[in-house]
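Below, chains carry the letters A, B, ... as their sequence lines are ordered, and counting in each starts from 1.
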Amino acid sequence: MPELPEVEVVRRGLVEELQGTRVLGWWLASFRNVGVDADLEYPGVEGWPVGEVARHGKRIRIELGDRAILHVHLGMSGRVAVTEARSPLQPHTHARLHLDDERELRYVDPRRFGHFRIRGASFDDLGSMGPDALGVEVERLAAGLRGHRLTMKAALLDQRVIAGIGNIYADEILFAAGLHPLQISNRLKDQEIELIAEAMQSILQRSIESGGSSIRDYVDTRGRSGSYQQSHCVYGRAHQSCVRCAEEIRQIAVAGRSTYYCPRCQPLRRRIARPLIRRNRSK
DNA sequence: AGAAGGACCTGCACGC
DNA sequence: TGCGTGCAGGTCCTTC
């Protein structure tokens, strides 16, 4: 399931693959998450030059000439690949961008949680998004976390607070920072926020260098899996021993998501609002 | 304002 | 073997 590191690996792959190409046209499936703005005409034989391939959080934006931007979100199971136009189509291929060198950019998404939309250059999809998690400054992270009264797990998953973190890295970051997932975001001490910021940078950076985490579906633009899942300390390790203290890793539901943590390395501080704990424990 | 649950969607693991 | 069921999760929406 692609989060920031996986999306960044995909972005870097696209930069390599799409350099110097032009988009001549497209084929788009008809379902709600795939489409093109009604007022954009087909590029035609001259094509649109592929420009900057940028990323914010889990979203990729690809400039197409000066009039359009391709917005891609991989959702749960989305993949993009640049392949020979003649190569056979994989099942669940929902979009194909025809390039000027006999290749295609293809978007495949079995679970259809992702998005693939060609929109006018002025369209802004980042409106309420928080800062990108990679390289975020401590002050901005602190402002985001203290601006909401959320459990830490919910805060890290909330793209308005910080963009790019999903279920896996939220758990890994909280473990590295020694914070319980039910800790309340606007009651953190400065030192705790610094620990989160440090853990976030080091984990995301290391994961990118490992090609991301491949849990089920994720592969990069050339179909290669990442290996960071081998470095996970808590995610998916319920009932196994903590790598740090050997205590049993626990699995609970927080913000509607499976959450893994070590009760000894991530103790719950008392200043938590009681109703929150009761509600979560009653599940 | 925030929590919770449902909807979207498919593949996979599991139990019978 | 084959079927039904539950689960996984990113995001948006509704309800409380």
Side-chain angles (χ1 to χ4, degrees), chain A residues 1-8 10 29-35 55-60 71-80 90-95 107-117 124-130 132-133 143-174 180-188 204 212-219 225-226 229 232 234-239 251-260 272-283:
Chain A
M1 39 223 72
E3 300 180 30
L4 187 151
E6 293 77 35
V7 178
E8 175 61 18
V10 167
S30 57
F31 83 90
R32 62 191 182 93
N33 292 355
V34 171
R55 180 193 57 73
H56 188 91
K58 302 170 195 169
R59 299 175 193 222
I60 293 176
H71 298 259
V72 182
H73 190 297
L74 300 175
M76 285 285 300
S77 57
R79 297 193 297 271
V80 286
Q90 279 188 290
H92 309 293
T93 300
H94 304 308
Y107 167 66
V108 178
D109 186 6
R111 267 171 273 185
R112 300 189 182 198
F113 276 26
H115 296 258
F116 189 100
R117 292 202 179 97
D124 175 23
D125 68 332
L126 303 180
S128 59
M129 280 248 237
D132 189 74
L145 291 172
R146 288 178 173 149
H148 301 270
R149 189 183 179 281
L150 292 166
T151 60
M152 274 310 295
K153 177 63 183 260
L156 291 181
L157 291 178
D158 193 328
Q159 304 298 298
R160 295 169 305 168
V161 173
I162 185 87
I165 308 292
N167 204 37
I168 297 172
Y169 293 99
D171 285 2
E172 293 299 319
I173 289 165
L174 288 174
H180 195 284
L182 290 176
Q183 207 76 45
I184 298 300
S185 65
N186 66 354
R187 296 197 174 188
L188 294 178
L204 296 177
S213 299
S214 290
I215 301 292
R216 286 187 181 83
D217 309 284
Y218 165 74
V219 289
S225 298
Q229 67 278 9
H232 291 173
V234 285
Y235 180 81
R237 297 191 67 246
H239 310 303
Q251 179 180 5
I252 56 173
V254 184
R257 292 285 170 257
S258 293
T259 300
Y260 303 86
I272 304 289
R274 284 167 186 267
L276 275 174
I277 301 172
R278 269 198 232 119
R279 221 174 285 159
N280 280 287
R281 279 187 180 166
S282 67
K283 296 230 86 185

Distance, rounded to the nearest Å, where A:M76 contributes CE and B:dC8 contributes C1' = 12 Å
When you check the phosphate oxygens OP1 and OP2 of B:dC12, does a side-chain N or O of A:R111 lie under 4.0 Å from one of them?
-> no
Measuring from A:D158:CG to A:M129:CE, what's the distance to the nearest 0.5 Å?
-> 11.0 Å
Can you check the A:R112 CZ to C:dG9 P distance for me, whole Å?
-> 22 Å
Quick one: side-chain hydrogen bond (donor to acceptor under 3.5 Å, both in side chains) partners of A:T93, sequence neighbours excluded?
-> none
Rounded to whole angstrom units, what separation is found between the CZ atom of A:F113 and the P atom of C:dC12?
-> 12 Å
Rounded distance [0.5 Å steps], CG in A:L204 versus CD1 in A:I173 | 5.0 Å
Reckon A:H92 has a side-chain N or O less than 4.0 Å from the OP1 or OP2 of B:dG11?
-> yes
Mind grabbing the angle between the end helix axes of the helix from B:dG2-C:dC16 to B:dC16-C:dG2? Five pairs an end, 10° rounding.
-> 50°
Round to a whole Å and report the spacing from NZ of A:K58 to C1' of C:dG9.
-> 9 Å
Give a yes/no on whether any side-chain N or O of A:H148 is located under 4.0 angstrom from OP1 or OP2 of B:dA1.
-> no
Are A:K153 and A:D171 within salt-bridge range, i.e. N to O under 4.0 Å?
-> yes
Rounded distance in Å - CD (A:Q251) to C1' (C:dA8) | 11 Å
The reported gap from CD1 in A:I162 to CG in A:L145 (rounded to nearest 0.5 angstrom) is 7.5 Å
Between the protein and nucleotides 13-16 of chain C, which nitrogen or oxygen pairs come in under 3.5 angstrom?
none

Is there a donor and acceptor pair, one atom on the side chain of A:R257 and one on the base of C:dT11, closer than 3.5 Å?
-> yes
Whole angstrom value for the distance that separates P of C:dG10 from NZ of A:K153 = 9 Å
Mind checking A:H73 for me? I need base, sugar-phosphate or nothing, with any heavy atom below 4.0 Å counting as a touch.
-> sugar-phosphate
Of A:G147 and A:R32, whose closest DNA chain B nucleotide lies nearer the 5' terminus?
-> A:G147
Working for side-chain contact (heavy atoms from CB on, under 4.5 Å), residues A:L174 and A:L156 = CA-CA 9 Å; A:L174 288 174; A:L156 291 181; 3.8 Å; yes
Verify the contact: side-chain N or O of A:T151 to OP1 or OP2 of B:dG2, cut-off strictly under 4.0 Å; return yes or no.
-> no
In this structure, OH of A:Y260 is separated from CG of A:N167 (nearest 0.5 Å) by 8.0 Å
If only side-chain N and O atoms of A:Y260 are considered, is one of them under 4.0 Å from the OP1 or OP2 phosphate oxygen of C:dA8?
-> no
Distance-only side-chain donor-acceptor flag, A:Y107 / A:D109, under 3.5 Å | yes
Atom CZ of A:R187 to atom P of B:dG2: distance rounded to whole Å?
-> 13 Å
Between A:N33 (CG) and B:dC8 (P), how many Å, whole number?
-> 12 Å
Describe the nucleic acid contact of A:R160 in one word from base, sugar-phosphate, nothing, applying a heavy-atom distance below 4.0 Å.
-> nothing
Please determine, by modelled atom types, if A:Q251 and A:Y235 share a side-chain donor-acceptor pair under 3.5 angstrom.
-> no
Using a cut-off of less than 4.0 Å, is there contact between a side-chain N or O of A:S258 and OP1 or OP2 of C:dC7?
-> no
Counting only side-chain N and O atoms of A:Q159, is one of them less than 4.0 Å from OP1 or OP2 of C:dT11?
-> yes
How many angstroms lie between atom NZ of A:K58 and atom CG of A:D132, to the nearest 0.5 angstrom?
-> 11.5 Å
Look at the side chain of A:E3 and decide which nucleotide, out of C:dA8, C:dG10, C:dC12, has an atom nearest to it.
-> C:dG10
